[in-house]
Amino acid sequence: QVQLVQSAGGLVQPGGSLTLSCAASGGASSRYSWAWFRQVSGKEREFVAAIRGGDGNKRYPDSMRGRSTISRDVVKNTVTLQMNNLRPEDSAVYYCAATTRNYNFGSMNRQEVYDYWGQGTQVSVSS
């Protein structure tokens, strides 16, 4: 049984940076594709970033492009999300997700392609 365990989030001032991490245990595969989503209470879960297993292609929504970087360690089965120039509207519960299934580049932002989910961690951006 694969489990994803996320690092703690935190409180960051606007313009600040924060790095989240997520580790997979109970399984091992260099083909893990990873993603980050976030959710504000009462709203739909929103895609933040993804990195596909195998070729390492990355995808970001317009709202995060240039402000965030997703990276992975295939040996340690971990993924990190570095976020810069954070804004109050980035405040949310952030979830990591993973899958060993193959999917095309166009599907990387879809929640349903990911089989495993982390516990979620709160990120708050406020002065």
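Side chains are part of it too, since the values below use all heavy atoms of this structure and drop only hydrogens, waters and symmetry mates.
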Query - For R45, all residues meeting salt bridge (Lys or Arg N to Asp or Glu O under 4.0 Å), sequence neighbours excluded - result: none

Requested in this report: Under the side chain to side chain contact (heavy atoms under 4.5 Å, CB included) rule, what do V48 and Y60 come out as? Steps first, then yes or no, please.
Outcome: CA-CA 6 Å; V48 176; Y60 304 94; over 6 Å; no

Query raised in the report: So do the side chains of V123 and L18 get within less than 4.5 Å of each other, counting heavy atoms only?
Result: yes

Query raised in the report: How long is the span from the CG atom in L20 to the CG atom in L81, to the nearest 0.5 Å?
Result: 5.5 Å

**Report entry** ring pair (Phe, Tyr, Trp, His ring centres under 6.0 Å) partners for W36, two or more places apart
**Finding:** none

Report summary line: d(L4 CG, Y116 OH) to nearest 0.5 Å is 9.0 Å

Query raised in the report: So do the side chains of S71 and I51 get within less than 4.5 Å of each other, counting heavy atoms only?
Result: no

Report task. Would you please name every residue forming a salt bridge (Lys or Arg N to Asp or Glu O under 4.0 Å) with R65, sequence neighbours left out? Result -> D62

Query raised in the report: Are side-chain heavy atoms of N109 and R59 found at a separation under 4.5 Å?
Result: yes

Query - Inter-residue atom distance N102.CG - S107.OG, 0.5 Å rounding - result: 11.5 Å

Query raised in the report: By side chain to side chain donor-acceptor pair (under 3.5 Å), which residues pair with E89, not counting sequence neighbours?
Result: none

Requested in this report: Please list, chain by chain and in numerical order, all residues satisfying salt bridge (Lys or Arg N to Asp or Glu O under 4.0 Å) with D115, sequence neighbours excluded.
Outcome: R101

Query raised in the report: Can you name the residues that form a side chain to side chain donor-acceptor pair (under 3.5 Å) with S7, not counting sequence neighbours?
Result: S21

Report task. Not counting sequence neighbours, which residues clear side-chain contact (heavy atoms from CB on, under 4.5 Å) with D55? List them please. Result -> R52, N57

Query raised in the report: Just wondering, do T99 and Y32 contact through their side chains at under 4.5 Å, heavy atoms?
Result: no

Query - Interatomic spacing from OG1 in T80 to CD1 in I70 - rounded to 0.5 Å - result: 7.5 Å

Report summary line: Smallest heavy-atom separation, A24 atom then V2 atom, equals CB-CG1, 4.5 Å

Report task. Would you confirm whether Q13, through its side chain, and V125, through its main-chain N or O, come within 3.5 Å as a donor-acceptor pair? Result -> no

Query raised in the report: Which pairs pass disulfide (SG to SG under 2.5 Å) with one or both residues in residues 33-73, sequence neighbours excluded?
Result: none

Report summary line: One should read off an interatomic distance between M64 CE and N84 CG, to the nearest 0.5 angstrom, of 9.0 Å

Report task. Determine, step by step, whether L11 and Q122 satisfy the side chain to side chain contact (heavy atoms under 4.5 Å, CB included) criterion, reporting the C-alpha distance in whole Å, the side-chain angles of both residues, the deciding distance to 0.1 Å, and the verdict. Result -> CA-CA 8 Å; L11 174 63; Q122 178 69 48; over 6 Å; no

Report task. Any disulfide (SG to SG under 2.5 Å) involving residues 37-95? Give me the pairs, sequence neighbours left out, ordered by first then second residue. Result -> none

Query raised in the report: salt bridge (Lys or Arg N to Asp or Glu O under 4.0 Å) with R38: which residues, sequence neighbours excluded?
Result: E46, D90

Query raised in the report: Hydrophobic clusters join Ile, Leu, Val, Met, Phe, Trp and Tyr when side-chain heavy atoms are under 4.5 Å apart, directly or via other members; which others share one with F105?
Result: F37, F47, V93, Y95, Y103, M108, V113, Y114, W117

**Report entry** Pairs satisfying disulfide (SG to SG under 2.5 Å), at least one member in residues 34-106, at least two apart
**Finding:** C22-C96

**Report entry** OG on S68 to CD on Q82, rounded to 0.5 Å
**Finding:** 9.5 Å

Query raised in the report: Taking T121 for the side chain and Y94 for the main chain, is one N or O donor matched with an acceptor at less than 3.5 Å?
Result: no

